[in-house]
Amino acid sequence: MVQMLETLPKGKAGEAALPATAPRMTPAGAGPRALAPEHVHQNLDRSLRASVARLTGGISTHAFLDAWTDWTFHMARSPGRQLELLERAQQNLLKLMAHGGGPASDPGSDPGPGADADVAAEIAAPFTPKAYDHRFDDPGWQRPPFWLWQQSFLAVQDWWDHATDQLRGLQPKDADRARFMARQALDTVSPSNFPALNPEIIGTTLASGGRNLADGAVHFAEDMLKTLAQVHDPAPPGYEVGKDLACTPGTVVFRNALFELIQYAPQTGAVRAEPVLIVPAWIMKYYILDLSPQNSMVRHLVGQGFTVFMISWCNPTPAQAELSLEDYRASGVMAALDRVGALMPGRRVHAVGYCLGGTMLAITAATMARDGDDRLASITLLAAQVDFAEAGELLLFVDESQVAFLEDMMWDRGYLDRPQMARTFSAIRSEDLIWSRAVRRYFLGQEDLPTDMGVWVADTTRMPAQMHSEYLRGLLLQNRLTAGRFAVEGRVIALKDISAPLFVVATETDHIAPWRSVYKTQLFTDCDLTFVLTSGGHNSGIVNKPGDPRSRYLWSHRPPGALYVGPDDWVATATSAQGSWWPAWADWLAGRSSAALTAPPPVAAEAAFLGAAPGTYVFQT
């Protein structure tokens, strides 16, 4: 790889261009299925589907109609389930009739002597929102008639959850899709969405003389214009990238067409001999791991005496449509690893991968193990999946019809645009990410409060067409990595070949990389492994600064060759700890580093021509 980099055409000092024909990963069948040459008008079909995809936000209507049809036919020939649903409707109606007055209608009511807390709770609220549903948090929902409207909605939601349970013979994915669509439809008619039915909106309107509705109308008009024009607001004051966010001091020490490599300045007089190389996801900008100073994982590591390098991916353009997964491995992770080795020769590297970057790091580590490359001192995977059989609700958007639909849309543009990705993630938690926000902004007239993570979430990127197609097919759709069918440079790789110690972090409420899916890393590896399950979601659980009293985590150590323990048994036996997992991780890294501390490594002279952190790629729009 060093030889390959040396032969790359050079730009400015320290820069390298991507090779025109990089070697490809070759998981057979992972790319778009080739059409027979006699289909001479196939591009007409693809153009039509691409146009439709832009109207539907990249969602294949065929995939979801097929799911409804499958569910409907199986329900039609299941009289027992129909009877069960009729009984469920009667039971829910009786609960509503029995508690129709609401808990506030009789403040002095007593459930009776000997009644326990669970019985009291059942009397007060026969139906409760899901843990992540905050639409009914306002105390006004506990008063009549609002309590009855809320409970009626939740009763219907409960019935549909029951109706879309698995039916014998029904494809499990179709059952999940039917439930997802029912939930999306119900969310549109939630009483929280209507000013006349929402006690919080009524109270705010009376208190402000209707000013909230006027402000909300202005917000709605602004958002509509931005959506139509596809423009983004600049970062609010106090949240400027490079000044307030992504502001840990450092230098860009390498650049090619795919990424910039940042070396952060030391903050201690001596540093650990082994550097840390972080591989972020290219779905979003890298600075989720270097937010405001108090929320920066990078700053925490540097403060602990580690020399930290960060990959900052480019935001691909249509000209980069043919970037592949192999490009991200060979000309991305491996190129960064080579550059770190050139700056700190003879040092092994602690590699860290977040989300999709963690998946790519696992692929890279397995390939290095296969090829006898032992430069990795340890591997840390943060909310990263290697097996996608239980990848959560993201799988609702992945089947042959859906992937082909997205491929046609990307074929037309050369990339997956930012709104499609953002809408997908929002739809999975639409109660909070779509509807609750809409009520706050358009009916309560509240501005979105700026946060460092909120600014990062809005700073979205594009996905190259070739890479995203390979990711959807080879990993999400066909799950080739853990099935022993994922090849790099023509040869299959195996995660069990990895011998470097692993530190794997999952988060409790992750809706992108569910923790049980991340946990399966233990099923496909045999090396020394420490597993951590931390409180929070996909981002908040990883950005877990020390000092937060709400933080907690479970952890365990699995020695090499130990027997597999299932996730439920693991939860029952894992060690519990309060606080952030960052200090425990820093100790783990230190324990796998050489004891000697050294002077901070010098920054390469040519880096002066490449500029200071955060570089230039992070500002690409």
Side-chain angles (χ1 to χ4, degrees), residues 134 137 200 204 208 211-250 262 280-300 310 312-315 354-355 417-423 425-426 429-430 432-462 536-545 547-548 550 611-621:
H134 301 289
D137 286 353
E200 187 177 10
T204 302
S208 68
R211 177 65 181 270
N212 57 304
L213 298 179
D215 291 343
V218 172
H219 294 162
F220 180 81
E222 290 174 349
D223 291 350
M224 181 62 69
L225 289 174
K226 291 172 190 174
T227 300
L228 294 175
Q230 288 295 291
V231 297
H232 297 270
D233 284 331
Y239 295 91
E240 183 180 341
V241 175
K243 180 180 178 182
D244 307 295
L245 310 179
C247 58
T248 303
I262 300 169
W282 51 88
I283 291 178
M284 302 289 282
K285 302 290 180 70
Y286 83 86
Y287 63 90
I288 179 63
L289 303 176
D290 186 26
L291 290 170
S292 52
Q294 68 274 16
N295 254 1
S296 171
M297 177 184 287
V298 168
R299 187 174 290 264
H300 177 79
M310 173 73 76
S312 175
W313 301 106
C314 73
N315 193 359
Y354 175 47
C355 188
D417 206 0
R418 295 172 292 187
Q420 280 77 36
M421 190 68 70
R423 279 195 290 263
F425 291 139
S426 296
R429 285 290 180 268
S430 61
D432 196 37
L433 299 180
I434 296 177
W435 297 107
S436 291
R437 179 185 179 273
V439 167
R440 288 194 306 270
R441 187 158 172 79
Y442 305 141
F443 291 136
L444 298 178
Q446 298 174 1
E447 291 279 4
D448 291 331
L449 294 177
T451 63
D452 52 5
M453 193 173 292
V455 171
W456 171 81
V457 167
D459 196 2
T460 52
T461 60
R462 294 174 288 271
H538 186 72
N539 299 319
S540 61
I542 301 303
V543 182
N544 190 209
K545 64 181 179 181
D548 187 343
R550 298 169 299 176
T616 59
Y617 285 2
V618 74
F619 296 107
Q620 292 176 334
T621 59

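In what follows, every heavy atom counts, from backbone to side chain, and hydrogens, waters and symmetry copies are set aside.
Residues Y354 and I288 form a side-chain contact, since some pair of their non-hydrogen atoms from C-beta on lies under 4.5 Å apart. Taking the side chain as every heavy atom from C-beta outward, D137 and E200 never approach each other to under 4.5 Å. Considering only heavy atoms from C-beta on, E240 stays 4.5 Å or farther from P234 through its side chain. L289 has its side chain within reach of I542: a pair of non-hydrogen atoms, C-beta onward, lies under 4.5 Å apart. Side-chain atoms of R462 and C314, non-hydrogen and from C-beta on, never get closer than 4.5 Å to each other. Looking at W282 and T461, their side chains never come closer than 4.5 Å, going by heavy atoms from C-beta outward.
To the nearest 0.5 Å, atom NZ of residue K545 and atom CD of residue Q294 are 5.5 Å apart. Distance check, rounded to the nearest 0.5 Å: CG of D459 to OG1 of T621 gives 9.0 Å. Considering OG of S312 and CZ of F619, their distance stands at 9.5 Å, rounded to 0.5 Å. Taken from CG in N544 to CZ in R550, the straight-line distance is 10.0 Å, to the nearest 0.5 Å. Rounding to the nearest 0.5 Å gives a distance of 7.5 Å between CD of Q620 and NZ of K285. T460 contributes atom OG1, which lies 11.5 Å from atom CD1 of I283 (distance to the nearest 0.5 angstrom).
Of all non-hydrogen atoms in L245 and Y287, the two that sit nearest each other are CD1-CE1, 4.1 Å. Taking each heavy atom of S296 and T248 in turn, the nearest pair found is OG-OG1, 3.7 Å. Pairing each heavy atom of I262 with each of P614, the nearest pair is CD1-O, 3.7 Å. Nearest approach of D244 to P293, heavy atoms of both residues: O-CD, 3.6 Å. Heavy atoms only, all atoms of each residue included: C247 and G242 are closest at CB-O, 4.1 Å. Here the closest heavy-atom approach between residue P249 and residue R299 is recorded as CD-NH2, 4.0 Å.
Within 6.0 Å of CG on L225 lie more than 12 heavy atoms contributed by other residues, nucleotides or ligands. Crowding of K243 atom NZ: a count of heavy atoms from other residues, nucleotides or ligands under 6.0 Å not exceeding 12. More than 12 heavy atoms of other residues, nucleotides or ligands shown are found within 6.0 angstrom of CZ on R437.
Judged purely by atom type and a 3.5 angstrom limit, Y286 has no side-chain atom pairing as donor or acceptor with the backbone of M310. Checked by atom type and distance alone, the side chain of W313 pairs as donor or acceptor with a backbone atom of P280 at under 3.5 Å.
Checking N212 against T204 by side-chain atom types alone, no donor-acceptor pair falls below 3.5 Å. In summary, the side chains of Q446 and H219 do not present any donor paired with an acceptor at a separation below 3.5 Å, with no hydrogens or angles considered.
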